[in-house]
Structure formats: structure tokens, C-alpha cells
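Everything on this sheet refers to the single structure shown next.
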Amino acid sequence: MVCASKVFDEITERDVVVYTSMITGYALVGGHITYKAFEFARLMQKEGIDPNRVTMVSLLQAAAELEALEEGRSIHGYAIRRGIGCSDEVFETSLMDMYIKCKVPTMAACIFGRMKMKTIGSWNAMITGYLNMGQPLEALGHFCKMVHENVFPDLISLANGILCCADLKYLQEGKTIQGRIIRIGYELDLIATTALVDMYSKCNDFTRARKLFDVVEKRDVILYNVMMAGYLQNGFATETVDLFIEMVGSGLKPNLGSILNVLSALSEMKNVRGGRSVHGYILKHEFRMNTEVANQIVYMYARCSYIYDARQVFNGIRYKDLISWTSMMMGYIYHANPEEAILLFRMMKREKLDHDSVTLISLLQAFLKLGHLSLAKEVHCHSYRTRLDHETLVINSLITTYAKLGNLNMARNLLEHTNRGCVTSWNTMIAAYGMHGNCKEVLRLFDRMRSEMIKPDDMTFTSILTACSHSGMVEEGLRVFNCMREDYCIIPCEAHYGCIIDLLSRAGRLEEAYELLKLLPARQSASAMAAMLAASRIHGNTELGEVIGHWLLDLEPESPSVYNLVSNLYAESGKWDEAARTRNMAKMRGLKKAAGYSQIELNPRASTM
DNA sequence: TTAGGGTTAG
């Protein structure tokens, strides 16, 4: 645009085409600089040159880019007064797009409704408009209406349809649209492929997403970002980072999305070294450190237990948003400083920032850690006032908080009267009864679930099996374990096997537990091994205990509790030298078991809300 | 010289 400006300055007699070229240029550039398009329009007006429809379309595009509603409205008004753009589908589509980007969908819908010739472009503008406003159902509705009216779709509209399905997690419908692309014979371009990769990863068909990604020869940053997000959603943090490294290695410059993805993955992995490198990369490459990026860095440091660094970055954020405050609060809660989290909440309120359900849940966790039942009740009342009391996450968090603070009746009331249709709330209540050792109530609740036709998921079974093993209800536990596969087609995972191994070994059925243990992959059975080791000691089976102890020491050489368990086993059987040797090994490695503590509510501070 | 398509946190 610099060269274009120079040429423009050299022209002495400027006409509408010259001005329009400059305006179009700035409208296409995007970003903040787009405002220059309006400067040229004013200059043009001063010289007494009238804009034509091309000028108007470009100005509308600039207004859309800058989300400048007032400018957009005045262009609309001018067009009506001068009779420009009537029955012109390109102009009307630009007008619709401007209203959509300025978040006035009603005006856009009104213009769209009155359009005599609805072109494929105008349909697409409406569909993407709703998608960008976070209304995928409305967007899909328009897509279906378009198909119903026999408008022949182009690749853009089909890709839009796929994006609707991605946001709604409608796998079957997405596949149907993909089938239509194949039937028509469109060749997938980069953007349509990206939409498909996004749809498949959001619908948990990760293998298919990766296959599509692999066949693309010339990938761009967005395709990489979508694939990285797919890895993240499917729990593959290491692979996300590998893909980021591959992308940078291939010469592509990461953008905001890539940075957010890789930081999120490093937080999952608690990899502070990697996190610091990315932080350094951002500073070194003068990447714009906006609130979004800073929030993710705060979260990364907090997850990696580097709370001081997290606070430093947090303090440096100029425009802190809700996520900045919540991330920092969560950091303090993870790291045993709930008081500071509550203090931050108060500071946030002083800044007149409104909280949402996630902030409220964090606050509940802080009160839970401090054992403040009365303040937790206050949060509950507040959730009524702010209408957050119907959100599943809030309800489940309240159920857990009440249960952990000893008020099981309140917890049960919440389940019965607010969220009876939601499996996660049942799971929370089942886990709560399990926590209190009330296995009979756990099993009764499971029966109720069946009679109310609530389909249990894998978490339901983990909680039930844990409760059974802690209460010694072996037969019941085995019965539930067997019905998982038979009645609900849920294949038991490591967690379930771990529970059953724990259940059997606590009951002294060590041989059966050992047989099951051998079925598990070593890496994922550490907790089951620890349970068996403890049980071997209690039931006096030192021989088996020693075998498992050695496996466990190989598997988790940095865990102080493993050394404790093994040394206690030796001590119990009179092998004092071995016991001392094991303790020494832990000492040499500088491992020390953290002391446990309990807390009771004494004098909660004054109201926080 | 003119319109419509892909990723994004707690």
C-alpha cells in the first residue's frame, strides 16, 4: 500500500476510479490500517467526486472489518438517498455482511429476506454470519433451507455446512455433506479440507481427521492449528507440541492460534521448560502479547507450579479479563493458597468485572479447601441471584462441595431438584456417597439411575467400583464390573481394572488380583500395583509384595510413597536390612513424603460476594 | 476497482 500511495500522490487529476482503487486496497489489507479507506472517502467527498457502487462495496467491507457500525449505517443511508445498490445482490450481500460483523443480525436477516435474487454468496454470508456469532444451529437451519430451495451449492457453502456440523458435533450430517462434495465431483481445496479436519476432530473421529491432514501437500498455519487443536481435544499433548515444532521447522510462522494451542499442550504436560521457550519466543519475535496470550502463559506457569512467574505475568496484563482473573485464582487453588484466590476474587469485583460459572466454581473450590461451609452456601445463594444455578458445572461443583463439607442432604437435594437428567450430576453424587463410605446408597442410586433411564458412563462405573472396594463389597463390585460390558457395552479401561484389582486385593483375593494385573499395560497400572502392594502387606503375602514392589520401584522411582510401602513390607516380615536399604534409597534421592493435614471451619471471614 | 469459506483460552 506504500507504493500505491506514492503513485496516488503523483496523480494530479484524480477520478472516482483512482480513489476507489485506494479505498479497495485499504479495505482488502485488513487490520487497523483499514480505517485509511474512510480517510480517502472523505478526501474524495471534499474534491466533490461522487462514489460509485464499487466504492460503496469497498467501504462496506472496510466498515465490516473494523466493526464500525456507525460508518456502515451512514454508507447504507447514503446508498438509499442516492439510489445506489437497489436490487444489486453484490451490494446487498456486502451490506448484510457489514451488519453481521457489527453484530446486528436482525438487520442482515431483514435485508436477506427482502432480496429478490438470493445468490449463493448471500446464503453463504448469512450462514457464516450465524456461525461467527456462535449460533451454529441457526446457521445449519439456513444451510438446510438453501438446500430445500434447490439452490445448487458451491464448495464454499458445503464447507460452511461442514463447519456447522463441526460446531454442533453432528458427525452423521457432516459425513452426508462430505458425500455430496464427492458426488458433485468438487476437488477439496485447503479451506474445505481444514473444515473437514475440524469436523472430524470435534466429533472424536480423530483417525479420519489425521488421514485427511496427511494427504495435504501444501499445509498452512490454520490447517496445522486445527490439527493441533484436534490432538489437544483428544488428549495427545506431546503430539500437539511435536506438530508445532514440525510446523515451525517447515518455515511456517506461528500465529495467535498456534501459540495458544502449544501453550495449552505444555500446560497439560506441566512442561515449564517448553513453556518458558514459547514465552521467550513471543518476546523475541515481538509477537503481540495480548490478553489472550498472556492468560495462557499465566495458566501455563500456574499449572507447572511456578506461581510466582504466573503472578508476574498476570500483574503485567494491562486489560485483565475474566479469564485472566480466573486462571490466576485457579493457580492459587492448585497450589494450596486458597486465601489468595479469594483475595483475587474480591479485587476482581472491585474492578467491576462480572464473574461467570467458571469463576464461581473456582471460588467454591477455595472455600472447600478452607472448609468454609457457610461461605459455600453464600456462593449457592449467589448462583440463584445471578441465574447460574442451572449450569451443570455449578450444580456438580456445589454437590461435591456440600458432600465434602459433610452436608450430604444438601448435596442430594441439589441432584433431586435441579439436574436429575444429567449423568454427570449422578456421577458426582455417587462419588460423594463413595467418599463417605456409604456404598449401599451408591448402589441404590445406581438402581435409581436405571429406573429413570439415565445411561451410566465410564465415570459412573469408576465411582461405583471405587466405593465397593473401599467398603469391601466384593460380590457387588464384581457384579457391577460384569454388567458394564454386558448391559451397557462399555469396555472397561485401566481405571476400572485398577478398581477391581484394589477390590480383590483388599479382600485378600490376591491371586485373582494378580491375574488381572498381568492383563494391564505396565505404564498404566501403577495405582493398581500400589493397591496390591499395600494389600499384600496387610494379608502377609510378602513374596508377592516383593515382586510387585520391585516392578513399582522401576516404574515410579521418584515417588516417595512407593519407597515407604516397600520398606514397610520388609519391616513387617522382619527383613530389617532390606527395609533400611529401601529407606536409604529414598533418602539419597531426596524424596520425602508430604505430611497430611486436616482443617475445620473456625471463623470464616465476612461476605465475599 | 466490487460480495460469501477454515483455527483461538480459564
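Every heavy atom of this structure was used, including side-chain atoms; hydrogens, water molecules and symmetry mates were not. The chains referred to below are lettered A, B, ... by the order of the sequence lines, with proteins before strands, and numbering in each begins at 1.
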### Message
By the 4.0 Å heavy-atom rule, please label A/Lys118 as base, sugar-phosphate, or nothing.
### Response
nothing

### Worked check of side chain to side chain contact (heavy atoms under 4.5 Å, CB included) between A/Glu187 and A/Leu155
CA-CA 9 Å; A/Glu187 201 174 320; A/Leu155 186 60; over 6 Å; no

### Query
What nucleic acid atoms does A/Val226 come within less than 4.0 Å of, heavy atoms only: base, sugar-phosphate, or nothing?
sugar-phosphate

### Query
Which part of the nucleic acid, if any, lies within reach of A/Leu322 when heavy atoms closer than 4.0 Å are counted: base, sugar-phosphate only, or nothing?
base

### Residue pair A/Asn396 / A/Ser425: nearest heavy atoms and the distance that separates them
OD1-OG, 2.6 Å

### Query
Base, sugar-phosphate, or nothing for A/Ile259, non-hydrogen atoms under 4.0 angstrom?
nothing

### Query
So how far is it from A/Tyr301 OH to A/Leu266 CG, rounded to the nearest 0.5 Å?
11.0 Å

### Message
Is the phosphate of B/dA9 approached by A/Lys320 (side-chain N or O, under 4.0 Å from OP1 or OP2)?
### Response
no

### Query
Is it the case that A/Glu246 and A/Tyr224 place a side-chain donor and acceptor less than 3.5 Å from each other?
yes

### Message
Expressed as a whole number of angstroms, how long is the span from A/Phe244:CZ to B/dT7:P?
### Response
19 Å

Protein and nucleotides 2-5 of chain B: nitrogen or oxygen contacts under 3.5 angstrom:
| unit_1 | atom_1 | unit_2 | atom_2 | d |
| --- | --- | --- | --- | --- |
| B/dA3 | OP1 | A/Gln61 | OE1 | 3.3 |
| B/dA3 | N3 | A/Thr93 | OG1 | 3.4 |
| B/dG4 | N1 | A/Asp154 | OD2 | 3.1 |
| B/dG4 | N2 | A/Asn124 | ND2 | 2.2 |
| B/dG4 | N2 | A/Asp154 | OD1 | 3.4 |
| B/dG4 | N2 | A/Asp154 | OD2 | 2.7 |
| B/dG4 | N3 | A/Asn124 | ND2 | 2.9 |
| B/dG5 | O6 | A/Asp189 | OD2 | 3.4 |
| B/dG5 | N1 | A/Asp189 | OD2 | 2.6 |
| B/dG5 | N2 | A/Asp189 | OD1 | 3.1 |
| B/dG5 | N2 | A/Asp189 | OD2 | 3.4 |

### Residues A/Asp205 and A/Arg208 bridged, charged N to O under 4.0 Å
yes

### Task
Write down the distance between NZ (A/Lys253) and C1' (B/dT7), rounded to a whole number of angstrom.
16 Å

### Task
Could you check whether A/Asn290 gets within reach of a base, just the sugar-phosphate, or nothing at all, counting any heavy atom under 4.0 Å?
nothing

Show every donor-acceptor pair shorter than 3.5 Å between a side-chain atom in residues 99-107 of chain A and any protein atom, with sequence neighbours excluded, or say none if there are none.
| unit_1 | atom_1 | unit_2 | atom_2 | d |
| --- | --- | --- | --- | --- |
| A/Tyr99 | OH | A/His76 | ND1 | 2.8 |
| A/Lys101 | NZ | A/Asp97 | OD1 | 3.3 |
| A/Lys101 | NZ | A/Asp97 | OD2 | 2.9 |
| A/Lys103 | NZ | A/Glu67 | OE1 | 3.4 |

### Message
Please report the distance, rounded to the nearest Å, between CG in A/Asn295 and C1' in B/dT8.
### Response
12 Å

### Query
What does A/Leu190 touch in the nucleic acid at a heavy-atom separation under 4.0 angstrom: a base, only the sugar-phosphate, or nothing?
base

### Query
Which whole-number value in Å describes the distance from A/Leu256 CG to B/dG6 P?
16 Å

### Neighbours of DNA chain B within residues 207-215 of chain A, by heavy-atom distance under 4.0 Å
none

### Query
In chain order, what residues pass the side chain to side chain donor-acceptor pair (under 3.5 Å) check against A/Ser305, with sequence neighbours excluded?
A/His335

### Task
Report the nucleotide, chosen from B/dG10, B/dG6, B/dT8, that has the shortest atom-to-atom distance to any side-chain atom of A/Gln296.
B/dG10

### Query
Taking only residues two or more places apart in sequence or in another chain, which ones pass side chain to side chain donor-acceptor pair (under 3.5 Å) with A/Ser324?
A/Asn295, A/Asp321

### Partners meeting salt bridge (charged side-chain N to carboxylate O under 4.0 Å, His left out) with A/Glu239 (sequence neighbours left out)
none

### Task
Measure the distance from CG on A/Asp356 to C1' on B/dA9 and round it to the nearest whole Å.
12 Å

### Query
Rounded to whole angstroms, how far apart are CD on A/Gln365 and C1' on B/dG10?
12 Å

### Message
Quick one, A/Thr20 and A/Val17 - any side-chain contact, counting heavy atoms below 4.5 Å?
### Response
no

### Query
Do A/Ser327 side-chain and B/dG10 base share a donor-acceptor contact under 3.5 Å?
no

### Query
How close or far is atom P of B/dG6 from atom CG of A/Leu158, stated in whole angstroms?
14 Å

### Query
How long is the line joining CD1 of A/Ile127 and P of B/dG6, in whole Å?
12 Å

